[in-house]
Colleague: 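This is the structure, below, for whatever I ask next.
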Amino acid sequence: MISDGWRYLRFKPPEMWALTPREHVLLNRAQQERRYDEYELASVIAVMHEAAHRAKRPKASDLFKRPADGVTEDKIRKQAEKAKHAEEWLSQFKF
């Protein structure tokens with residue numbers, strides 16, 4: 001447990017002994033997921049570099065377009081319809 005804590009989490013032995021075995025497992029899993037996130041980000045950056053290299057006149061918007069934030073009117077309308085349908089369905093029951 002100490003060697004895993006030192007190797008993967010960069011914890012010193014007193015920090016490792018302060019953890020319960022469950023906390024140790026959770027931190028190791030979180031560290032593994034963090035590493036996978038870093039690999040995924042590195043692969044996206046590599047693809048973007050290659051796309052920029054191959055493009056004749058690359059623009060930032062060609063490589064990445066930020067997703068639109070917020071709620072659209074269509075989304076609100078659909079949610080309202082779902083809520084109305086659920087309310088109608090629930091009205092058949094007597095509470």
Side-chain angles (χ1 to χ4, degrees):
M1 191 165 115
I2 292 175
S3 62
D4 287 345
W6 179 260
R7 180 177 181 189
Y8 299 113
L9 303 173
R10 309 272 192 250
F11 282 170
K12 295 184 169 103
E15 294 170 313
M16 284 306 304
W17 287 118
L19 297 174
T20 65
R22 179 70 178 150
E23 290 171 330
H24 176 71
V25 168
L26 290 174
L27 286 173
N28 274 328
R29 287 181 185 164
Q31 176 60 28
Q32 183 179 13
E33 288 300 318
R34 179 186 298 160
R35 189 176 314 121
Y36 291 157
D37 291 342
E38 290 171 3
Y39 292 159
E40 185 176 19
L41 178 61
S43 66
V44 168
I45 291 171
V47 168
M48 287 182 154
H49 276 283
E50 187 61 26
H53 177 71
R54 291 175 185 248
K56 291 187 180 183
R57 291 180 186 235
K59 297 178 188 173
S61 61
D62 295 338
L63 298 175
F64 178 76
K65 188 171 185 175
R66 183 178 290 274
D69 271 352
V71 180
T72 62
E73 288 183 33
D74 187 45
K75 195 173 185 181
I76 292 172
R77 194 174 302 112
K78 286 181 181 177
Q79 288 177 345
E81 288 173 9
K82 281 176 91 173
K84 185 178 179 182
H85 178 69
E87 186 177 327
E88 290 171 357
W89 183 77
L90 284 171
S91 68
Q92 68 181 337
F93 300 106
K94 305 285 184 203
F95 291 105

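Note that the structure is predicted; figures quoted are calculated from it, not measured. One is the number of the first residue; the rest follow in order along the sequence.
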Colleague: Would you be so kind as to tabulate the donor-acceptor pairs closer than 3.5 Å made by side chains of residues 85-95, with sequence neighbours excluded?
Modeller:
unit_1	atom_1	unit_2	atom_2	d
Ser91	OG	Glu88	O	2.6
Gln92	NE2	Trp89	O	3.2

Colleague: Does any part of the side chain of Leu41, heavy atoms only, come nearer than 4.5 Å to the side chain of Asp37, both counted from C-beta?
Modeller: no
Colleague: So which atom in Leu9 and which in Leu27 form the shortest heavy-atom distance, rounded to 0.1 Å?
Modeller: CD2-O, 3.5 Å
Colleague: Please find the pair of heavy atoms, one from Pro58 and one from Ala52, that lie closest to each other, and give the distance.
Modeller: CG-O, 3.6 Å
Colleague: So if I apply the side-chain hydrogen bond (donor to acceptor under 3.5 Å, both in side chains) rule between Asn28 and each of Gln32, His24, Gln31, which one comes out positive?
Modeller: His24
Colleague: In plain terms, say whether Asp74 and Arg77 are close enough for a salt bridge, that is, a side-chain N and a carboxylate O under 4.0 Å apart.
Modeller: yes
Colleague: Among Ile, Leu, Val, Met, Phe, Trp and Tyr joined by side-chain contacts under 4.5 Å, find the other residues sharing a cluster with Val47 and list them by chain and number.
Modeller: none
Colleague: Within this structure, what is the CG-CD1 distance for the pair Leu63 and Ile45, rounded to the nearest 0.5 Å?
Modeller: 12.0 Å
Colleague: For residues 39-59, which residue pairs qualify under side-chain hydrogen bond (donor to acceptor under 3.5 Å, both in side chains), counting only residues two or more places apart or in two chains?
Modeller: Glu50-Arg54
